[in-house]
Amino acid sequence: MAAESGKIDPMHQFLIEPLFGQDWQVAGHNIAFTNSALWMVLTLGAFWLFMLGGMKRELVPGRWQVMVEGAVGFIGDLMKANIGPEGKKFTPYVFSLFMFILIANLLGMLPVGFGGVHPFTITSHLTVTGVLAVLSFAIVLIVGFARHGFHFFSLFIPHGTPGYMVPLIFFIELFSFMIRPFSLGLRLFVAMTAGHILMKVLAGFVINGMNAGAGIAAIVSLPSLILMVGITVLELLVCAIQAYVFALLTSLYLNDAVNLH
């Protein structure tokens, strides 16, 4: 966590490192099991455990089952509101997407590490959020062309557009459509990265102020600590909001593919 000269490096937390000193090379590429891969596995494992409690289907559901059914119902209502009855087909995917991002965000907020491995926020890497966004975008394209064929291109020509404006509007709408995966992945990446950098910077103020003496600690460390606690609470809220926004925008994009007018 700390860089040289006792300084805290806020970017070190995003460094992808191989675990157990591995150096596996295949065709010149390093395929070692990294801290990023570990936290992806932990995220999937936590998701599986969460769902396991909701699959009991007891006549009188317990708290865990109610929690799982509530989460599924929340995404189900979102899909129905944005897409309609056909949104039910896509609920499993959007729910999995929502839960994966939410759990990954929350695991990255753990205050302690284990065995020398510190918590790692996989959604703070554009490669991860980008893959999720491109996957969602690909599903939108597949659904759109499968249901409507080349008529899907009419999405880029709003109803009532004058004929002489069609070429210009078409390219503007097409460009707007094509940047969707970039904005979708970038939004989550920026939100998580910025929040974690801010928390680490404030933590550095707290630690360095305390090391400097009682007077500096009172002036620098105490206000920084209070602010850091507030930012941490806000970041926990951001973890949930960003997962919801990703699921919401995915459902809206799917609506364009399903309910093309």
Side-chain angles (χ1 to χ4, degrees), residues 1 8-16 35-36 38-54 63-75 77-78 94-114 117-133 136 183-207 209 221-251:
M1 180 176 70
I8 293 180
D9 180 10
M11 301 304 295
H12 185 269
Q13 60 184 314
F14 307 119
L15 183 63
I16 297 179
N35 53 346
S36 177
L38 172 63
W39 286 92
M40 287 185 193
V41 172
L42 291 176
T43 299
L44 292 174
F47 182 30
W48 178 76
L49 289 176
F50 175 76
M51 293 303 299
L52 195 63
R63 295 180 180 177
W64 197 339
Q65 184 176 340
V66 169
M67 183 169 56
V68 174
E69 291 178 353
V72 174
F74 172 72
I75 298 299
D77 292 341
L78 175 70
V94 177
F95 173 74
S96 300
L97 195 65
F98 170 77
M99 290 303 303
F100 179 83
I101 295 174
L102 177 61
I103 294 173
N105 290 347
L106 293 177
L107 287 180
M109 291 292 294
L110 290 176
V112 295
F114 303 95
V117 179
H118 63 81
F120 186 86
T121 308
I122 59 176
T123 48
S124 65
H125 279 260
L126 189 57
T127 50
V128 175
T129 62
V131 166
L132 295 177
S136 300
S183 62
L184 190 61
L186 193 63
R187 182 182 294 104
L188 175 58
F189 156 71
V190 169
M192 301 312 300
T193 301
H196 281 66
I197 290 176
L198 182 56
M199 288 190 295
K200 185 58 71 70
V201 169
L202 291 173
F205 287 158
V206 173
I207 295 173
S221 295
L222 184 58
S224 297
L225 177 61
I226 295 174
L227 183 58
M228 186 180 69
V229 172
I231 293 297
T232 301
V233 174
L234 178 62
E235 188 68 6
L236 287 171
L237 181 61
V238 169
C239 289
I241 291 176
Q242 288 301 317
Y244 171 73
V245 169
F246 204 102
L248 173 64
L249 292 177
T250 300
S251 68

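Every heavy atom of this structure was used, including side-chain atoms; hydrogens, water molecules and symmetry mates were not.
Residues satisfying the side-chain hydrogen bond (donor to acceptor under 3.5 Å, both in side chains) test with T129, not counting sequence neighbours, are none. Residues that satisfy the side chain to side chain contact (heavy atoms under 4.5 Å, CB included) test with E69, not counting sequence neighbours, are Q65. Residues passing the side chain to side chain contact (heavy atoms under 4.5 Å, CB included) test with I197 are P10, M11, F14, T193, V201, sequence neighbours excluded. Taking S124 as the reference, nothing meets the side-chain hydrogen bond (donor to acceptor under 3.5 Å, both in side chains) condition, with sequence neighbours excluded. Contacts of H125 classified as ring pair (Phe, Tyr, Trp, His ring centres under 6.0 Å), with partners at least two apart in sequence or in another chain: F120. Residues passing the side chain to side chain contact (heavy atoms under 4.5 Å, CB included) test with L249, sequence neighbours excluded: L184, R187, V245, L252, Y253. Shown here are the ring pair (Phe, Tyr, Trp, His ring centres under 6.0 Å) partners of F50, two or more places apart in sequence or in another chain: there are none.
Taking each heavy atom of L15 and N35 in turn, the nearest pair found is O-ND2, 3.0 Å. Across F205 and S224, no two heavy atoms sit closer than the pair CB-OG, 3.4 Å. Heavy-atom minimum distance, A133 versus G185: CB-N, 3.7 Å. Residues P119 and W39 approach most closely at CA-CZ2, 3.4 Å, considering heavy atoms.
Distance CG/L132 to CD1/I122: 8.0 Å, rounded to 0.5 Å. Taken from CG in L236 to CD1 in I231, the straight-line distance is 11.5 Å, to the nearest 0.5 Å. Between the CG atom of L188 and the CD1 atom of I241 there is a distance of 12.5 Å, given to the nearest 0.5 Å. Taking OH of Y244 as the start and CD1 of I75 as the end, the distance is 8.0 Å to the nearest 0.5 Å.
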Side-chain atoms of residues 95-112: list all donor-acceptor pairs with protein atoms under 3.5 Å, sequence neighbours left out, distances to 0.1 Å.
from : atom 1 : to   : atom 2 : distance (Å)
S96  : OG     : P92  : O      : 2.8
N105 : OD1    : T123 : OG1    : 2.5
N105 : ND2    : I101 : O      : 3.3
N105 : ND2    : C239 : O      : 3.1

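A donor-acceptor pair under 3.5 Å is formed between the side chain of Q13 and the backbone N or O of H196.
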**OP:** Apply side chain to side chain contact (heavy atoms under 4.5 Å, CB included) to T43 and F47, showing your working.
**Re:** CA-CA 6 Å; T43 299; F47 182 30; 5.6 Å; no
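Between L198 and E235 there is no side-chain heavy-atom pair separated by less than 4.5 Å.
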